[in-house]
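Bear in mind the structure is a predicted one, so any value in this text is a computation, not a measurement. So you know, we letter chains A, B, ... as the sequences are listed, proteins then strands, and number each from 1.
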There are 2 protein chains.
Amino acid sequence: MTAKPARNRRTQADRSGEMRARLVEATVESLVERGYARTTTVEVCRRAGVTRGALHHHFADLPDLLAAAMSDTYERFFLAPARTRPFASLEAWIDDAWARLRQPAFKAVIEVWLAARNEPVLGRELRPAIDRYKLVFSIEASARLKALIGSSAEVQAFYRLACETLIGLALGRATTPGGRAVDHEAVVIATLKTLGRRITREAAA
Amino acid sequence: MTAKPARNRRTQADRSGEMRARLVEATVESLVERGYARTTTVEVCRRAGVTRGALHHHFADLPDLLAAAMSDTYERFFLAPARTRPFASLEAWIDDAWARLRQPAFKAVIEVWLAARNEPVLGRELRPAIDRYKLVFSIEASARLKALIGSSAEVQAFYRLACETLIGLALGRATTPGGRAVDHEAVVIATLKTLGRRITREAAA
DNA sequence: CAACAAACATACATAAATGTATGTAAATGA
DNA sequence: TCATTTACATACATTTATGTATGTTTGTTG
């Protein structure tokens, strides 16, 4: 039996998990730094420090890997932190949402969104992952959002608007050379919060 | 001398102009339908119905062609229509701006933005064209916008916000399978206009 | 109406990505 | 412990894009 697990003896599940994680991480990095067009299997393997054989063993092809990378980013950056307490205000939600969308990793999501639209084959394989992603902004899917927005049509409409605004800002970051903040980012966020406060106040009245 | 210009005799300037136009048009189409990653010289030539030799004669390389495509879209969709009368209201500006950003051609711009960020070589060549594009949203560069916004910091901030919102919506369209409208597009536009009216009213007071 | 240059086509060499096939080391389980 | 499966590496064939070089047609100009 495997009585004494030698110092560097890892279980197969461990090896698989770690390898998949490394590959997914390398994929996201490549998407952020080099974009979809230059995110090839060789590039990902180079970053992960493994051979293409390893990649091919764990993922059927690039679409498969991208779907995994997307789901992973989705889980780590958007779902996991969302399992905390409810939002105190629209302002708090804006802070929370923007803290996520401003992450460099969100550029990877944008790249995949476009790639899925651009390449039908890829789109078919990625649709499930993408649809899960969309739920991040879905009011119905989140008890926190439902509680925050309530039944006011005005608040709900403002929420939709704020989502698009944040995505616009995120695209700005994604297209800025270093992924740095775009010029008027702070002003826009501040304005969004101000408007949020007013909408909330009026809805309460 | 070229006494009687035969029916199908075209001047060299004509031929060049038409060829460049065809290539640029094919490039934009390809960017919209297939994205940057699959917009190759062969694909562009296939669409334009010419050989790669022709392309290479008019454009040094793909970055050069992309810069031309970008400038052309810029000119046709954003600058040219902007030379009309001043905006009557923020609402009118929203209508005008959205009428442009909702065009499929704007997806080509987004693709180029990302490509320029993703590939340094391309970025260097495209920077001038991109910087010109940014002027579309620049208040200082447009007398119409200056007149519309005036000196109110609130109106100016709202304008910045609205720009990001519209870009967010445009990205939504760009990532939607048929380039079709995203779910809550109409609501967001309507809300933006409502807010615009309020901001204007308050700034006047 | 030459001589020349511009406009466009054809052909080939090179590079890079992908898929597949096969080989080896490590882990599992009877 | 040994047969078997899983994890990963190596090698090759194919495809596709690019750059470049050279050829042919069509306009321009003295």
Between [options], which nucleotide gets closest to the side-chain atoms of [X]?
{"X": "A:R15", "options": "D:dT18, D:dT28, D:dA7", "value": "D:dA7"}
{"X": "A:Q12", "options": "C:dT18, D:dG19, C:dT28", "value": "C:dT28"}
{"X": "A:V42", "options": "C:dA17, D:dT18, C:dA7", "value": "C:dA17"}
{"X": "A:H57", "options": "C:dT18, D:dC8, D:dT28", "value": "D:dC8"}
{"X": "A:H56", "options": "C:dT20, D:dT18, C:dA7", "value": "C:dT20"}
{"X": "B:H58", "options": "C:dA26, C:dA7, D:dC8", "value": "C:dA7"}
{"X": "B:A54", "options": "C:dC8, D:dC8, D:dA7", "value": "C:dC8"}

Pairwise 5' ranking along DNA chain C for A:T39 and A:G53, keeping only the more 5' one: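 Of the two residues, A:T39 wins.
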Examine [N]: is either OP1 or OP2 under 4.0 Å from a nitrogen or oxygen in the side chain of [X]? Give yes or no.
{"X": "B:T51", "N": "C:dC8", "value": "no"}
{"X": "B:T41", "N": "D:dT18", "value": "yes"}
{"X": "A:T11", "N": "C:dA27", "value": "no"}

Of B:A13 and B:T40, the one whose closest DNA chain D nucleotide lies more 5':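 Nearer the 5' end of the strand: B:T40.
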[X] [atom1] to [N] [atom2], straight-line distance once rounded to whole Å:
{"X": "A:E18", "N": "D:dA7", "atom1": "CD", "atom2": "P", "answer": "13 Å"}
{"X": "B:L66", "N": "D:dT18", "atom1": "CG", "atom2": "P", "answer": "10 Å"}
{"X": "B:R20", "N": "C:dC8", "atom1": "CZ", "atom2": "P", "answer": "11 Å"}
{"X": "A:D14", "N": "C:dA26", "atom1": "CG", "atom2": "C1'", "answer": "14 Å"}
{"X": "A:R34", "N": "C:dA16", "atom1": "CZ", "atom2": "P", "answer": "12 Å"}
{"X": "A:E119", "N": "C:dA17", "atom1": "CD", "atom2": "C1'", "answer": "13 Å"}
{"X": "B:R52", "N": "D:dA17", "atom1": "CZ", "atom2": "P", "answer": "9 Å"}
{"X": "B:R22", "N": "C:dA7", "atom1": "CZ", "atom2": "P", "answer": "15 Å"}

Does this structure show an ion pair linking [X] with [Y], if we count only N-O contacts that are shorter than 4.0 Å?
{"X": "A:R46", "Y": "A:E43", "result": "yes"}
{"X": "B:D95", "Y": "B:K193", "result": "yes"}
{"X": "A:E18", "Y": "A:R10", "result": "yes"}

Test of ring centre spacing under 6.0 Å for A:Y36 and A:W113: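 Here the rings of A:W113 and A:Y36 have centres that are no less than 6.0 Å from each other.
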Heavy-atom donor-acceptor pair, B:S71 side chain to B:A67 backbone, under 3.5 Å: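 It does hold such a pair.
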